[in-house]
Undergrad: 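The structure's right below; bear with me while I get my questions together.
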2 protein chains.
Amino acid sequence: MTTTESGSGLETLTRPDAERARELVAAGIERGALVTVVGRCTVTYDGRAASSLGAGERHVMLKPDGAALVHTDEGQQPVNWQPPDCDHEATVADGRLVVESHRETPEEHLTVRFESVVHAAAYPLTDEEDLSLAGTEADLRERILDEPALVEAGFEPLATERSTPAGAVDVFGEDADGRTVVVELKRRRVGPDAVGQLGRYVDALERELHAETDVRGILVAPSVTDRARRLLAERGLEFVAVEPTRE
Amino acid sequence: MTTTESGSGLETLTRPDAERARELVAAGIERGALVTVVGRCTVTYDGRAASSLGAGERHVMLKPDGAALVHTDEGQQPVNWQPPDCDHEATVADGRLVVESHRETPEEHLTVRFESVVHAAAYPLTDEEDLSLAGTEADLRERILDEPALVEAGFEPLATERSTPAGAVDVFGEDADGRTVVVELKRRRVGPDAVGQLGRYVDALERELHAETDVRGILVAPSVTDRARRLLAERGLEFVAVEPTRE
DNA sequence: TTCTTCATCTCGAAA
DNA sequence: TTTCGAGGTGAAGAA
């Protein structure tokens, strides 16, 4: 069995020769299909870094938006890839299928050389739907704005994404005594990096608001690591535990 | 055409009914194959966050290591996924194929409900090869150790990954005047986060080495953003431009 | 474009 | 197991 074809645009080939496979891949790309090729191959990448991968059996996916993914039998991440907006090309060299993907800015090139093709397919996919996701940092921000007391009794949010010379502050407001408060939100347990981020915002605002006002910095997250807690104390910053919603 | 089978363990089905598809998926998982199912489906996820995705055509991959990926026709990243070490399960409910993937710690559950299956396949992949990658931060470190003058004339590396209360320093050494030097390496253009990281190492070492020694902090990277450069200046830290090798 | 930060980040190493 | 930082991080939003 070497060829299968169905009514609705799906094309598949089982153990095709290189030329047949090349035709399917080239036609699939041309038609805007999602193309997959499974087989024994070597992979080389040159661009932001450089990599090479000896012969093994892998699953190669070429998307109509120009993305390319090479997956082994392990791992959530592809072993090699190209981002969207690359140009894909299928050729035959020395009787073998070669799939290449290229882009400029930055210059990057991925080459997959097949020793054998087990299966190739072109799937004409359409997907209109957008993912609806809950439990993000943006959701946590909405929750804080709805219920500012989660941060502290008397806390009054005045702005979100307020810009400072150090970047945009998640939530900017005042405490019950009228002191300026900077809130940095994290949807999960925080390490030293988040403390540094909050510290930069506090420093920037103290400079911007000129001296005598001292600015409070509050990190809001489910929890904090020991090292981060120590850093918070050193810099006179505060922590408030709030779980994200996830509903 | 509804079924294809080849000698070497590959199994494919074109437009199978739900029960046929379930059998292929279940058998493929059992055999340790990489399983793909392409068709119109809805996807829900609940775990670290929660998401739902209306009906559309997608490519679902189940890996033998327990990873699951749902890809649309766009983007390098899957629209939904599960990490390795999840348990996959295929069932038929209301005459439809349902693929589920679950893990505990943390509790996470992914459900893919198919309205129709265009194609299903089980690929018995083997891959012994490891990726060889050049142009990483580790390569940059070797380069600096080979040629310390890239950092500064007279710089002498004394240790790599030297541990401090703030974490491990990339390269630890002395300058021509015997002053302690902390080098933080980055393979690409750096922003404010890297300055914070370097600053924490410098602070930790000044504390550890007690007072009178002042510690120099040098950020080594291809380039810096303006804001990061300003932060470096504020904290008395330095920058040296070095390109990663990529050979 | 560049910059900045979030991410169901993933992944690996070390404590 | 948790913590920490690298990553060819990718992706989104703003300047």
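Note on naming: letters A, B, ... go to the chains in the order of the sequence lines (proteins, then strands), and numbering restarts at 1 for each one.
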Undergrad: Looking at every strand, decide which applies to Glu184(A) at a 4.0 Å heavy-atom threshold: base, sugar-phosphate, or nothing.
TA: sugar-phosphate
Undergrad: Using atom P of each nucleotide, how far apart are dG8(D) and dT4(C) to the nearest Å?
TA: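 It comes out at 22 Å once rounded to the nearest Å.
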Undergrad: Expressed as a whole number of Å, how far does the P atom of dA11(D) sit from that of dC11(C)?
TA: 16 Å
Undergrad: When rounded to the nearest 0.5 angstrom, what distance separates CD in Glu74(B) from NZ in Lys63(A)?
TA: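 Answer for the CD-NZ pair, Glu74(B) versus Lys63(A), is 8.0 Å.
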Undergrad: Can you tell which of His109(B), Gln82(B), Glu107(B) makes a side-chain hydrogen bond (donor to acceptor under 3.5 Å, both in side chains) with His102(B)?
TA: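 When side-chain hydrogen bond (donor to acceptor under 3.5 Å, both in side chains) is applied between His102(B) and each of His109(B), Gln82(B), Glu107(B), only Glu107(B) qualifies.
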Undergrad: Do Arg235(B) and Asp203(B) sit within salt-bridge range, that is, some charged N less than 4.0 Å from a carboxylate O?
TA: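 Answer for the salt bridge query: yes.
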Undergrad: For chain A and DNA chain C, what are the first and last nucleotides along the strand, 5' to 3', with at least one atom under 4.0 angstrom from a heavy atom of the protein chain?
TA: dT5(C) to dC11(C)
Undergrad: Checking the side chain of His88(A) only, and the main-chain atoms of Pro64(A) only, is there a donor and an acceptor separated by less than 3.5 Å?
TA: no
Undergrad: Is there a side-chain contact between Arg103(B) and Asp85(B), using heavy atoms and a 4.5 Å cut-off?
TA: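 A side-chain contact is absent here, since even the closest heavy-atom pair is not under 4.5 Å.
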Undergrad: Starting at atom OH of Tyr201(B), determine the distance to atom P of dC4(D), rounded to an integer number of angstrom.
TA: 10 Å
Undergrad: Return the residues of residues 225-240 of chain A meeting this criterion: a heavy atom under 4.0 Å from some atom of DNA chain D. Order them by number, or give none.
TA: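 Of all residues in residues 225-240 of chain A, the ones placing a heavy atom under 4.0 Å from DNA chain D are Thr225(A), Arg227(A).
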Undergrad: Quick test of your reading: applying side-chain hydrogen bond (donor to acceptor under 3.5 Å, both in side chains), list the pairs with at least one residue in residues 218-227 of chain B, sequence neighbours left out, ordered by first then second residue.
TA: Arg189(B)-Ser223(B)
Undergrad: Under a 4.5 Å cut-off applied to non-hydrogen side-chain atoms, are Arg96(B) and Arg113(B) in contact?
TA: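 With C-beta onward as the side chain, the pair stays apart.
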Undergrad: Assign Ser51(A) to base, sugar-phosphate, or nothing according to its heavy-atom contacts below 4.0 angstrom with the strands shown.
TA: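 Answer is nothing: Ser51(A) stays at 4.0 Å or more from every strand.
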Undergrad: Assign Asn80(A) to base, sugar-phosphate, or nothing according to its heavy-atom contacts below 4.0 angstrom with the strands shown.
TA: base
Undergrad: Can you check whether Val182(B) reaches Leu198(B) side chain to side chain, under 4.5 Å on heavy atoms?
TA: yes
Undergrad: Quick check: on DNA chain D, is the nucleotide nearest Val224(A) upstream (toward 5') of the one nearest Glu137(B), or the reverse? Name the residue that is more 5'.
TA: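 Looking at the nearest nucleotide for each, Val224(A) comes out on the 5' side.
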Undergrad: What I'd like to find out is whether the side chain of Phe172(B) reaches to under 4.5 Å of the side chain of Thr164(B), using heavy atoms alone.
TA: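 Sidechains of Thr164(B) and Phe172(B): no contact.
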Undergrad: After noting the C-alpha distance and the side-chain angles of Arg143(B) and Val242(B), does the key distance pass the side chain to side chain contact (heavy atoms under 4.5 Å, CB included) rule?
TA: CA-CA 10 Å; Arg143(B) 184 132 166 264; Val242(B) 176; 3.8 Å; yes
Undergrad: In whole angstrom, what separates Gln197(B)'s CD from dT3(D)'s P?
TA: 18 Å
Undergrad: Provide the full list of side-chain hydrogen bond (donor to acceptor under 3.5 Å, both in side chains) pairs with a residue in residues 35-45 of chain B, sequence neighbours left out, each pair given once.
TA: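 For residues 35-45 of chain B, and leaving out neighbouring residues, the side-chain hydrogen bond (donor to acceptor under 3.5 Å, both in side chains) pairs sorted by first residue read Arg40(B)-Glu115(B), Tyr45(B)-Glu108(B).
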Undergrad: Between Lys186(B) (NZ) and dT9(D) (P), how many Å, whole number?
TA: 11 Å
Undergrad: Heavy atoms under 4.0 Å, any strand shown: does Thr105(A) hit a base, just sugar-phosphate, or nothing?
TA: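 Here Thr105(A) touches no strand at all.
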Undergrad: Between N or O atoms, less than 3.5 Å apart, protein on one side and nucleotides 10-14 of chain D on the other: list the pairs.
TA:
from, atom 1, to, atom 2, distance (Å)
dG10(D), OP1, Arg48(A), NH2, 2.8
dG10(D), OP1, Trp81(A), NE1, 3.1
dG10(D), OP2, Arg48(A), NH1, 3.0
dA11(D), OP1, Gln76(B), N, 2.9
dA11(D), OP1, Gln77(B), N, 3.2

Undergrad: Could you check how far CD of Glu161(B) sits from C1' of dC4(D), rounded to whole Å?
TA: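 Value for this atom pair: 11 Å.
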Undergrad: For nucleotides dG7(D) and dA7(C), find the distance between their C1' atoms and express it as a whole number of Å.
TA: 13 Å
Undergrad: Return whichever of Leu133(B) or Ala166(B) has its heavy-atom-nearest nucleotide of DNA chain D closer to the 5' end.
TA: Ala166(B)
Undergrad: Taking only residues two or more places apart in sequence or in another chain, which ones pass ring pair (Phe, Tyr, Trp, His ring centres under 6.0 Å) with Tyr123(B)?
TA: His119(A)
